[in-house]
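Below is one structure, written out as structure tokens; comments come after it.
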Amino acid sequence: MEDQMKNAVTCMIVDDEKPAHQVLNQYIERVPGLFPIEGAYLALDALDKIPILKPDILFLDVEMPDLSGLRVLDLLKSLTASVILTTAHQNFAVDGYSYAVKGFLLKPIYFEEFISTVYRVRQQREIVNNAAFMPVQPVLPDFEIDLESSDDAQGKFPAFHKDTMIVKVDGRIVQIPYADVTFVEGAKNYVKIYIGDIVRYCRIPISVMMSRLPSSLFITTNRSFIVNRLAFIEMDGNEMLMNNNYRVKVSKDLRALVLAKLTFNG
């Protein structure tokens, strides 16, 4: 137990709304390796607590009555936490990505989006800290993953690397460069990976793909689709035309975030 606490990723919530604290704390407690610490309901209190408590992950509300979350980031010059901005207002997405934030969650926050963002942040922290945290082994009870069809005698698939992923397709092991992927479509506990006009089927939930694909290249457009931001031709309203002539819907709630990531230089 002591070793687990030593390796725990501490999470702090700064939000003026009690329901937001309740929801995020419930999510944090569901994820192995995460540990909630004392939060704050006022930004001014947070300015005092954050340097003392030194959280690993900071869930920071953008709009609060005393100071905005972005102003808090301005004032905390030596912040070491990985910041995940939370807000009910889409228009803050672009502003948020101008800061050194690691993730963005739109309210109401759903567990799928929460866990995808948190696992991506944990992976980033593992790289920075030379794998100081416990290895991330996602446990998602809401999904039915057929491990028999995704396990191999010498390892588990899919496997994700720096520039490629390795998946099992019809019993064959196939390596797919991320740059070749046009978009990914989710369906129950498997995904369809579109490589131009070619479609590969992989047994893994779409939310796990969201957490494992590099966020610098891929964008979640709705609950069922992830697109390669370099493979889109144009965006017309809430629809993206991809370079394989397929059209992908963009959720109204995620449109501002999609636009921010399309123009984000990072």
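Values reported hereafter were calculated over all heavy atoms of this structure, with side chains retained and with hydrogens, waters and symmetry mates removed.
- Without hydrogens or angle criteria, Ser224 side chain to Glu185 main chain gives no donor-acceptor distance under 3.5 Å.
- Classification of Asp236 and Arg247 as a salt-bridged pair fails, no side-chain N sitting under 4.0 Å from a carboxylate O.
- Smallest separation of non-hydrogen atoms from Pro51 and Ala46: CD-O, 4.2 Å.
- Between the side chain of Arg229 and the main chain of Ser216, a donor-acceptor pair closer than 3.5 Å is present.
- Under the 4.5 Å side-chain heavy-atom criterion for grouping Ile, Leu, Val, Met, Phe, Trp and Tyr, Leu75 is not connected to Tyr41 through any hydrophobic cluster.
- Both Val14 and Phe35 are members of a single hydrophobic cluster when ILVMFWY side chains are connected at heavy-atom separations under 4.5 Å.
- Val118 and Tyr110 sit in two unconnected hydrophobic clusters of ILVMFWY residues. Membership requires side-chain heavy atoms under 4.5 Å apart, directly or through other members.
- Residues Met235 and Thr221 fail the side-chain proximity criterion, which asks for heavy atoms closer than 4.5 Å.
- You'll find the side chain of Val184 reaches within 4.5 Å of the side chain of Leu213, heavy atoms only.
- Heavy-atom minimum distance, Lys192 versus Val199: CB-CG1, 3.8 Å.
- Side-chain contact of Asn228 with Thr182: a donor-acceptor pair under 3.5 Å is absent, judged by distance alone.
- For the pair Lys261 (side chain) and Val258 (backbone), a donor-acceptor distance under 3.5 Å is absent.
- Of all heavy-atom pairs spanning Pro55 and Ala81, the tightest one is O-CB, 3.2 Å.
- Under a hydrophobic clustering in which Ile, Leu, Val, Met, Phe, Trp and Tyr are joined whenever their side-chain heavy atoms come within less than 4.5 Å, directly or via other members, Val248 and Leu262 fall into the same cluster.
- One finds the OG1 atom of Thr117 at 9.0 Å from the CD1 atom of Ile109 (value rounded to the nearest 0.5 Å).
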Chi angles and distances behind the salt bridge (charged side-chain N to carboxylate O under 4.0 Å, His left out) call for Asp180, Arg200 = CA-CA 12 Å; Asp180 292 349; Arg200 305 286 196 188; over 6 Å; no
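- In this structure a side-chain-to-backbone donor-acceptor pair under 3.5 Å is missing from Asp15 to Ala20.
- Between the Arg255 side chain and the Gly237 main chain, a donor and an acceptor come within less than 3.5 Å of each other.
- Residues Val181 and Phe218 are in side-chain contact: their nearest non-hydrogen atoms beyond the backbone lie under 4.5 Å apart.
- The heavy-atom pair separating Ala8 from Asp56 by the smallest distance is O-OD2, 3.6 Å.
- In this structure, CG in Asp197 is found 8.0 Å from CG in Asn245, a value given to the nearest 0.5 Å.
- The heavy-atom pair separating Asn244 from Tyr194 by the smallest distance is ND2-CB, 4.2 Å.
- Under a hydrophobic-cluster definition in which Ile, Leu, Val, Met, Phe, Trp and Tyr are linked whenever side-chain heavy atoms come within less than 4.5 Å, directly or via other members, Ile195 and Val174 are assigned to the same cluster.
- Interatomic distance, Ile204 CD1 to Tyr190 OH, rounded to the nearest 0.5 Å: 14.5 Å.
- Judged purely by atom type and a 3.5 angstrom limit, Lys49 uses its side chain to pair as donor or acceptor with the backbone of Gly39.
- At least one donor-acceptor pair under 3.5 Å links the side chain of Asn25 to the backbone N or O of His21.
- The backbone N or O of Ile57 lies less than 3.5 Å from no partner atom in the side chain of Ser82, so there is not a single donor-acceptor pair.
- By the 30° and 60° cut-offs, the orientation of the rings of Tyr178 relative to Phe160 is parallel.
- Atom CD1 of Ile219 is separated from atom CE of Met210 by 12.5 Å, given to the nearest 0.5 angstrom.
- Proximity of Val9 to Arg122: side-chain heavy atoms (C-beta onward) are separated by under 4.5 Å at one or more points.
- In this structure, Met64 and Leu42 have side chains that are not in contact, with every pair of non-hydrogen atoms separated by 4.5 Å or more.
- Thr220 and Asn222 get closest at one heavy-atom pair: CG2-O, 3.2 Å.
- Ring pair Phe225/Phe183 is tilted by interplanar angle, where 30° to 60° counts as tilted.
- Looking at Ile193 and Met165, their side chains come closer than 4.5 Å, going by heavy atoms from C-beta outward.
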ask   = Would Leu34 and Tyr27 satisfy side-chain contact (heavy atoms from CB on, under 4.5 Å), going step by step from the backbone distance to the final call?
value = CA-CA 9 Å; Leu34 298 189; Tyr27 290 170; over 6 Å; no
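- The closest side-chain heavy-atom distance from Leu67 to Leu47 is below 4.5 Å.
- The side-chain heavy atoms of Arg30 and Ile115, taken from C-beta on, include no pair separated by under 4.5 Å.
- Here Glu63 contributes atom CD and Leu85 contributes atom CG; the two are 13.0 Å apart, rounded to the nearest 0.5 Å.
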key: Verdict with reasoning, Ile206 to Arg223, per side-chain contact (heavy atoms from CB on, under 4.5 Å)   = CA-CA 8 Å; Ile206 187 71; Arg223 290 182 178 276; over 6 Å; no
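- From Leu106, atom CG reaches atom OG of Ser251 across 8.5 Å, with rounding to the nearest 0.5 Å.
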